[in-house]
There are 4 protein chains.
Amino acid sequence: MFYYIKRFMSPMTVVENVEAPSERAAACSKTELLEHYLTVRRFSEELCRTLEPEDYVIQTMPEMSPTKWHLAHTSWFFETFIIKPYLRDYRPLHPQYAFLFNSYYNAVGKMHARPQRGLISRPTVKDTYAYRQHVDAAMEKILETADGGLLKMLTPLIVLGLNHEQQHQELMLTDLKHMFWMNPLRPAFRTEVSAAQHPTPSSGWRRYDEGLYSIGFEGDGFSFDNETPRHQVFLAAFSLGNQLVTNREFLAFIEDKGYRRPELWLSLGWTAVNERGWNAPLYWEQLDGTWWMMTLAGMRPVRWDEPVCHLSYFEADAYARWAGARLPTEAEWEVAANNAPIEGQFAESGRFHPSPPPQSAASDCLKQMFGELWQWTQSSYAPYPGYQPQPGALGEYNGKFMCNQYVLRGASCATPHSHVRRTYRNFFPPDARWQFMGLRLAKDIA
Amino acid sequence: MFYYIKRFMSPMTVVENVEAPSERAAACSKTELLEHYLTVRRFSEELCRTLEPEDYVIQTMPEMSPTKWHLAHTSWFFETFIIKPYLRDYRPLHPQYAFLFNSYYNAVGKMHARPQRGLISRPTVKDTYAYRQHVDAAMEKILETADGGLLKMLTPLIVLGLNHEQQHQELMLTDLKHMFWMNPLRPAFRTEVSAAQHPTPSSGWRRYDEGLYSIGFEGDGFSFDNETPRHQVFLAAFSLGNQLVTNREFLAFIEDKGYRRPELWLSLGWTAVNERGWNAPLYWEQLDGTWWMMTLAGMRPVRWDEPVCHLSYFEADAYARWAGARLPTEAEWEVAANNAPIEGQFAESGRFHPSPPPQSAASDCLKQMFGELWQWTQSSYAPYPGYQPQPGALGEYNGKFMCNQYVLRGASCATPHSHVRRTYRNFFPPDARWQFMGLRLAKDIA
Amino acid sequence: MFYYIKRFMSPMTVVENVEAPSERAAACSKTELLEHYLTVRRFSEELCRTLEPEDYVIQTMPEMSPTKWHLAHTSWFFETFIIKPYLRDYRPLHPQYAFLFNSYYNAVGKMHARPQRGLISRPTVKDTYAYRQHVDAAMEKILETADGGLLKMLTPLIVLGLNHEQQHQELMLTDLKHMFWMNPLRPAFRTEVSAAQHPTPSSGWRRYDEGLYSIGFEGDGFSFDNETPRHQVFLAAFSLGNQLVTNREFLAFIEDKGYRRPELWLSLGWTAVNERGWNAPLYWEQLDGTWWMMTLAGMRPVRWDEPVCHLSYFEADAYARWAGARLPTEAEWEVAANNAPIEGQFAESGRFHPSPPPQSAASDCLKQMFGELWQWTQSSYAPYPGYQPQPGALGEYNGKFMCNQYVLRGASCATPHSHVRRTYRNFFPPDARWQFMGLRLAKDIA
Amino acid sequence: MFYYIKRFMSPMTVVENVEAPSERAAACSKTELLEHYLTVRRFSEELCRTLEPEDYVIQTMPEMSPTKWHLAHTSWFFETFIIKPYLRDYRPLHPQYAFLFNSYYNAVGKMHARPQRGLISRPTVKDTYAYRQHVDAAMEKILETADGGLLKMLTPLIVLGLNHEQQHQELMLTDLKHMFWMNPLRPAFRTEVSAAQHPTPSSGWRRYDEGLYSIGFEGDGFSFDNETPRHQVFLAAFSLGNQLVTNREFLAFIEDKGYRRPELWLSLGWTAVNERGWNAPLYWEQLDGTWWMMTLAGMRPVRWDEPVCHLSYFEADAYARWAGARLPTEAEWEVAANNAPIEGQFAESGRFHPSPPPQSAASDCLKQMFGELWQWTQSSYAPYPGYQPQPGALGEYNGKFMCNQYVLRGASCATPHSHVRRTYRNFFPPDARWQFMGLRLAKDIA
């Protein structure tokens, strides 16, 4: 199944020995595209299989959305950008879904207020699945009837829509985690898929030389516009931590009063610490002297060998300062990632929780670059030199968010595998903690 | 079915020809009490029969609660005040329900934060009904096994619990109305139960003489503590409007720029008008020059002969000032109500919307005192002289809310019939609008 | 000097042996009126004599106003309601003062936003005094030139304006106290005027019989419209504490965990306690185990024999409940006050702090009814039966505030003596604490 | 007078023909340093010469500070970092000034809450000047008695303190502008110093080649730590607008509905536009069809040839997008600035308002790089590669603010001339508008 996904969505994972990209795209049959479409769409629904209807409805903070909204909004995306413009005689299921399920695309019309997504019980979950089927049927019809020219035009839009849906698959998981945590009963989303637990190997550093490097996406496969254009950057020599910071390491920061020492914090971070009473990562809780944490499998004690997770940029930055290091820039991260395999634990594992790093012989073997956790960089989310957003409404997809956010690299245990790319730029405000976010250290070489 | 309810809950409705109250209470068999209990409990569930699971979950403002919370909290009331103290070996269904479903009783423990009632998907609707059954089974067991002494002690608590549940039946309806209105799709809770529509007869005034009157509850039947003790008040002569103010009359206020003229408003009311952009009663909306309104049967044009509904105290007060009149005091209202029959449209009608007043021969025939709408009085909600709250945790039921609220009298189309009493004191803050609230005018006699 | 003030402003203080009121008013010469006017106006300025220019400017919370605003607004009152309508060819000093110094009179035009009064440095203090002189000159001109008819019409307006200014004299003092307290340096407004300190005599109760009483103002002297009309009320028998509750008594409440026991509090009061962290009266502070308090003479230890001050309604009510008593109604208070002399410590003493009660032989001798502290009653601020606000813009003076406020009776150490009346109704929201507010207990007689 | 200031504070302005920097520093006599100290200190007071005492007190938004706070805080800086550590037997004037006038240095103790700086009338203006004299006397004493070793150690601290005071000189002016604007009377701070008004020459573009460049400060003169270390950056070819965008040009944006078109805005910017009702730059106001603006000389019509001022980053960015261009990066700006003379209109002119660009022959002559207005760049404020903050408390000066702020380059009409440097990095949050902020366009060369 992932063959097709990889083919469409993550060209860099198979970059070595394939035919020329333009050939590949041409060779892609309607059948393959449809199969790919259905695979991604089904995965969204598969993620929900343990949910009760009530679980789909709730919004526990403005930044998150109810599951049924995610399921509907991803369908709205196909309906708005593909079906309505290209399927003759299409009849929308409901005249107001265009309003209810638009997220932030001003160019296509008004939208329901984001913080009110949890205030509407109707359409119900059943209605929402019916909407998905309605959209899927229309997409199948388009693909069946499209000639070569139309297909060529639609393929990038469909692939964008599928990548969009994959982003929401990850958000569904992180949003549900927040919702279950806000419930004093702390329900489990899934029973735990156990992972091999073994002692974390000691961390080491890997050196990179000063030089002019190129970063950013280039090629025929899919990427978001914010990964382009590929361009040159000058980097001074640096070292990168070879694995993610662990819970054990972060506990030392806590016990060294890291959350009480202003000199370790950015000014806005210090304000956040005090106003919100932060004293540990999100989802940690101290009960009778033991640290517990909320997972998608419910509450359980913190395991010290796992990578530390659910940190804000502020906490990642303060930890790095405390450790005598710093966060990497996104260019440093990408340069290092160029030689790393895209492997790790992704959403398909069903575990939805990060694992300790594998054992390895060399102390500078670069590990955990993908899967497990998104990794904060010190880079503000900004346009690459020469960046041009997509034209039209889809130009609102990325560019307009390039302010007061920070870039995270890699991918997490909630990211679908085929969604991952070395040039991928994830981004969140510096106080966000509810994604699967961790950190890897960097330092200058004097 | 309502025979028993009346018997326990609303003695004044059958006050003329019954045996002495103490006799009645003694004569009440376990069977009758249990049947009464089950009748009230079933009515709560009956009200929900058209709901989808998603409809039970949502909280659209801090003042309202999700339907499943109402269903659980009313069960918690019996569990907390009757079952746990009096049923040996009772095992609660879940250790945290005591926390989740306590509303505001500090004396019995901590509670979930009120504005977060809509953030918990679990317990689900199914779980909630299971909780109700668990509680009902325990209550049945208590009633089966109670001897005469215990029964005598428990009866007032059970009757209080049932009155409490009836209050929540009304709140379920008004809260659902708010929730469906907040949804841009404006779903209907029920299809409309049509009511005879006929022109509203002209309103008139009914005079009452100056004098020393007694108000407040006295007798053997049930009342809340806030209706006691019965006490004397001196009233100057006054007139009372013989029917509720209608939509037609209120429209004249709107069209006379009532919402734009500060001299008509209390200072806090004027602030509310401007900060919240009020320009009509809650649930009214002007579309292409026509006034529509949200009802529990969905959106439809305003019918001008119906009583005006969903007004705040501020709007009721401003209207009265504009009309050259004033709101009645609660004592005036109660004195007038002493001779009025407790009849009108109540929750059992299933219509959940107020009706125009009946035709009548005399222009001063007092109409619509009960059912249809709660009626704002100008009286601040305060303790009666000599008031003593119930001892213990149940003392928190009423007394602690006697601040910054205003008394409403009568009953509404969402009040269960057997819940109504002439001495009943309903109360809400002066900016509340989501209950079935209307007004009746009063004026001084020079 | 106070002869004239009394004559105009506080008829009940000299009610025993004067000529008939209508005679008095007629006999009042222009000279007397002008002298009276100047006396009150000068007292406002006299209160400011120790202030630096910077002290006049600041607003430390929305409810208080900068001193220079008080000085200007009281002048605006005369300018707006007397000079502009009645002085031909009057030229305002500045075209925007009418906007800047209107407080809340919608009928006379727009106004500067209340919470922004502390954001304007100009007009300066010097400019403000020039404005006062400009207004005073115009007032003198009016009084010089007015014939008998005009004088008769203007006298009540002038007297109202002077009472208005006296209210602001008290507010200037309480607002300055708040401002100096918000300054970590805790500056003193005045050096302390020492008062005889002697042990507080034991408190006792004074009984009053059930009956029909009359309350409210009637007669020729001045009163605010909210004190009228005089009307009958029926009161059950009650007892009134013969003196104000002391700091010593209130400390017992604190030490008995009064601020931590929800059962003692109104629900809104309990919210206030927790959200604002109240654990003692406003201006109290515990330093190294000793309670200190801010006064207008700076910080000093709490003196236990003084009456407890700067309590909200919520605290007064909670204390009364803890003490097994309740707050009096305003009718009860007024009935008791009818036989009490209007004596005590007022603003003219320059002490601006309440004193312990005098020694007395009888344990039920009613003390401290006037001066010292305003006394919370349990009565919501509401219109008296038959109440009619003044016509026109001045109707906004009192009536529109009759919502969510509670009545205080008596007068305080910051009230000008001639401003006091037995029927006077002061009012504040139940969470207000910055006025000189205390309490006297009441209880039912079984 | 500016000779000495230049010598200490702005080495790059005289970079061509001076002796080696280390020599210069050594040659600097105590006398020169003291004279320099006094010159800067006097300039702060000189700026205040037209203020009334009331003008020094007010804080009109949390981001600005009262003038007397600025005057005291800059003195506190010398007292805290130089006098207390190095002057034996120094006696502070007041024990709590250390608390009141600490801005944000957690390492040296607690501080008064920033939004409450306008709530304290004492110390008065007179007290504040006395505090300045007290500090100046201590500084003179230190300089008189310091031996060579101490002097060498203190000189960088003193120069830092003087640069710090110069920053506050600019803030005093922009904060006063905000304060006078918040006053409905719109007082003038100074009468206008007229500037030659002449038509703005047409704007042009100046090209820069792709390449590896060095930016950042290096040398012996003063710089802030955030300007270091000097480091290499790779830049693609770009063009820079040769002058600042004018009011005329910005009006075209307004009239093309720039403030109503979401596609032109960053998402956070669009939120700001709507929530705050922005429809023109700060201080613009449309009266009867004419655009007026507030200046430090009061209200007057907008002059179209002047550079547009008081724009947020959001507005600058939206304008650039509308104009088919973009904002420059700070590296681009600095590369261009390397050849530009540090000339323009600075605070010493006393005009405090930006002027139109001078006429010039060549259309690509780079103008208005310094003075007039700070220029938004698209660069997030971030540490340079290898950045090390100063050790100790002074490390809090810059580094901890490197989050969610954007860099502005150049200098404004309110910046003291000697304070300017080509490598200077000013920074403000993207919604800030009250500084003298404008923009210059940039674009890619395809």
Side-chain angles (χ1 to χ4, degrees), chain A residues 48 50-62 64 66-69 71-72 93-102 109-113 115-131 175-189 298-299, chain B residues 48 50-62 64 66-69 71-72 93-102 109-113 115-131 175-189 298-299:
Chain A
C48 301
T50 58
L51 295 182
E52 300 287 345
E54 295 86 343
D55 297 329
Y56 286 82
V57 177
I58 287 171
Q59 182 175 38
T60 43
M61 61 173 174
M64 71 78 93
T67 302
K68 75 185 173 77
W69 186 90
L71 293 174
L93 198 56
H94 194 291
Q96 286 199 264
Y97 285 4
F99 170 81
L100 284 181
F101 302 125
N102 182 0
K110 299 207 165 171
M111 65 210 69
H112 195 214
Q116 301 192 0
R117 289 178 188 163
L119 304 187
I120 57 171
S121 58
R122 317 284 179 96
T124 62
V125 173
K126 212 174 287 179
D127 298 334
T128 305
Y129 280 108
Y131 178 44
D175 289 359
L176 283 166
K177 186 167 182 178
H178 192 267
M179 182 190 75
F180 284 124
W181 173 72
M182 286 291 286
N183 188 329
L185 305 184
R186 301 283 161 81
F189 168 64
M299 290 293 285
Chain B
C48 300
T50 57
L51 295 182
E52 300 288 346
E54 295 87 342
D55 297 328
Y56 287 82
V57 177
I58 288 171
Q59 183 176 38
T60 42
M61 61 174 177
M64 71 79 92
T67 302
K68 76 184 171 75
W69 187 90
L71 292 174
L93 196 58
H94 194 290
Q96 285 200 266
Y97 285 3
F99 171 80
L100 285 180
F101 302 124
N102 182 358
K110 297 207 168 173
M111 64 210 70
H112 195 215
Q116 301 191 1
R117 289 177 187 164
L119 303 187
I120 58 171
S121 58
R122 317 283 180 98
T124 62
V125 173
K126 212 173 287 181
D127 297 336
T128 305
Y129 280 108
Y131 179 43
D175 289 359
L176 284 166
K177 186 168 182 177
H178 192 267
M179 182 190 76
F180 284 124
W181 173 72
M182 286 291 286
N183 188 329
L185 305 185
R186 302 283 161 79
F189 169 64
M299 290 292 286

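Letters A, B, ... mirror the listed sequences (proteins, then strands); counts begin at 1. Hydrogens, waters and symmetry mates are skipped; everything else that's a heavy atom, side chains included, is used.
Contacts of P53(B) with chain A are made by both backbone and side-chain atoms, with heavy-atom separations under 4.5 Å. Residue P95(A) does not touch chain B at all, counting heavy-atom pairs closer than 4.5 Å. Heavy atoms of Y56(B) lying under 4.5 Å from chain A are absent altogether. Interface remark: P187(A) contributes side-chain atoms only to the contact with chain B (heavy atom separation under 4.5 Å). For V57(B), the part lying near chain A is the side chain, with the backbone staying farther off; criterion is any non-hydrogen pair under 4.5 Å. Interface residue Q59(B): only backbone heavy atoms are found under 4.5 Å from chain A.
Once rounded to the nearest 0.5 Å, the distance linking CD1 of I120(A) with CZ of F180(B) reads 12.0 Å. Distance CG/L119(B) to CE/M61(A): 11.5 Å, rounded to 0.5 Å.
Counting heavy-atom pairs closer than 4.5 Å to chain A, the top-ranked of the candidates L100(B), T124(B), L51(B) is T124(B).
Looking only at side-chain heavy atoms (C-beta outward), E52(B) and S121(A) stay at 4.5 Å or farther from each other. At a threshold of 4.5 Å between non-hydrogen side-chain atoms, the residues Q116(B) and M182(A) count as touching.
Formation of a donor-acceptor pair under 3.5 Å by the N183(A) side chain with backbone atoms of R122(B) is found in this model.
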